[in-house]
Every structure is written in structure tokens, then in C-alpha cells.
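Here's the structure we're looking at; comments come further down.
The shown structure was predicted, so the numbers you read here are calculated from the model rather than taken from an experiment.
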Amino acid sequence: MRAAYNMAVVNAPRQNDSAPKHRRHAIYATETSGLLLIAFLLLVLILIRYWHVIRWSVR
């Protein structure tokens, strides 16, 4: 009985696995780019906010 149940799964045509891997890589690259953009914007905002407080002549 179990063999007949699993035959549909075993004989099912396999899908191409290369497309989901490529899509997943693009999603990770987009996420990384977004995080880098947010970090850069935070750095710019901090520099604008504290520009007058930073001692540029400290050696």
C-alpha cells in the first residue's frame, strides 16, 4: 500500500533547480545593498549632526 502511495512522488518530473538558486542569490544581493545604503546614510546623518563637535585637529 505504501509503495503505491509514494509512486506519484518518485515518478514526478523534476524541476530545474538552477532558476531558484539564481533568484535566491539576487535577493541576498539586494538585501546586502540595502543594508549598505542604510549604513551609509546613517554615517552621513551622524557626520552632519556632530560635525561641529568632532575635533579635527586631534593628533
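If you chain together hydrophobic residues whose side chains sit under 4.5 Å apart, Val53 and Ile46 fall into the same group.
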Give every donor-acceptor pair under 3.5 Å between a side-chain atom in residues 32-44 and any protein atom, sequence neighbours left out.
unit_1, atom_1, unit_2, atom_2, d
Thr32, OG1, Tyr28, O, 2.9
Ser33, OG, Ala29, O, 2.9

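Partners of Trp56 under the side chain to side chain contact (heavy atoms under 4.5 Å, CB included) rule, at least two apart in sequence or in another chain, are Trp51, Ile54.
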